[in-house]
Amino acid sequence: MALPTWMERFIDFMATKQGMADVLRVVLLSEEDRLRTRDQLRAAIAVLLDAGASAGTLRTGADPNDVLMGLGGISLIAGQENQRGLATRLIGLLLHGVMATAVQDGAVHSGS
């Protein structure tokens, strides 16, 4: 499954550029660029979610925006010193939420 690998690499990328985020925001990114980047990330996640759903490893109906927002929060944690291990554990929790069989509301559900 490609989604976990992509998420780990995204976190590493965000952690690497974390120190430059304020500079990049002011110097390089207009509001339009920021929104376009968010749309591109959302589209990439949608492709990965759709592929996983087609393969039966991920549930159908997972919202790419929800996954992106969760990953964004995790990237904030990974940006803190000595928190990369926590970020990996949180990615595992996020992935559990989109797996084909997941515990929801105290019961095990599969698929959508």
Side-chain angles (χ1 to χ4, degrees):
M1 178 172 27
L3 185 60
T5 301
W6 187 89
M7 289 176 150
E8 291 285 348
R9 289 182 179 166
F10 177 80
I11 292 299
D12 289 340
F13 171 75
M14 292 302 292
T16 300
K17 79 173 229 175
Q18 187 72 27
M20 299 183 348
D22 291 334
V23 173
L24 288 174
R25 189 174 10 264
V26 172
V27 175
L28 299 176
L29 295 180
S30 68
E31 182 69 11
E32 180 181 328
D33 290 335
R34 188 177 62 78
L35 293 175
R36 183 179 25 229
T37 299
R38 185 181 300 162
D39 287 342
Q40 290 171 341
L41 288 169
R42 189 178 307 124
I45 291 170
V47 167
L48 294 168
L49 290 172
D50 289 345
S54 293
T57 58
L58 300 178
R59 67 181 176 91
T60 59
D63 186 334
N65 192 58
D66 291 348
V67 174
L68 178 59
M69 293 299 106
L71 197 55
I74 293 168
S75 73
L76 293 174
I77 292 167
Q80 302 298 314
E81 274 189 56
N82 302 316
Q83 294 300 315
R84 185 58 179 87
L86 176 59
T88 295
R89 292 191 306 275
L90 292 173
I91 287 172
L93 288 172
L94 181 58
L95 285 168
H96 182 76
V98 297
M99 298 303 291
T101 300
V103 176
Q104 300 171 353
D105 301 323
V108 175
H109 301 276
S110 67
S112 58

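Since the model is a prediction, treat every value here as computed from it, not as a measurement.
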Problem - Value rounded to 0.5 Å, distance of CG in Asp12 from CZ in Arg84 - result: 4.0 Å
Problem - Value rounded to 0.5 Å, distance of CD1 in Ile91 from CH2 in Trp6 - result: 10.0 Å
Problem - Exercise: do Thr5 and Arg9 side chains pair donor with acceptor under 3.5 Å - result: no
Handout entry: Heavy-atom pair of closest approach, residues Asn65 and Asp63
Key = N-OD1, 2.8 Å
Practice task
Return the minimal non-hydrogen interatomic distance between Leu94 and Val67, and the atom names on each side.
Solution key: CD2-O, 3.9 Å
Completion exercise
In this structure, CG of Leu93 is separated from NE2 of His96 (nearest 0.5 Å) by 8.5 Å
Practice task
Determine whether Leu71 and Met69 fall in the same hydrophobic cluster, where Ile, Leu, Val, Met, Phe, Trp and Tyr are linked whenever their side-chain heavy atoms lie under 4.5 Å apart.
Solution key: yes
Handout entry: Qualifying residues under salt bridge (charged side-chain N to carboxylate O under 4.0 Å, His left out), relative to Asp39, sequence neighbours excluded
Key = Arg42
Handout entry: Minimum heavy-atom distance between Val98 and Ala62, given as atom pair plus value
Key = CG1-CB, 3.8 Å
Exercise for the section: Under the side-chain contact (heavy atoms from CB on, under 4.5 Å) rule, what do Leu86 and Ile74 come out as? Steps first, then yes or no, please. Expected result: CA-CA 9 Å; Leu86 176 59; Ile74 293 168; over 6 Å; no
Practice task
Look at the side chain of Thr60 and the backbone N and O of Ala53, then say whether any donor-acceptor pair between them is shorter than 3.5 Å.
Solution key: no
Problem - Name of the residue among Ile45, Val47, Leu48, Asp50 meeting side-chain contact (heavy atoms from CB on, under 4.5 Å) with Pro64 - result: Ile45
Exercise for the section: Apply side-chain contact (heavy atoms from CB on, under 4.5 Å) to the pair Leu3 and Met7, showing each step before the final yes or no. Expected result: CA-CA 6 Å; Leu3 185 60; Met7 289 176 150; 4.1 Å; yes
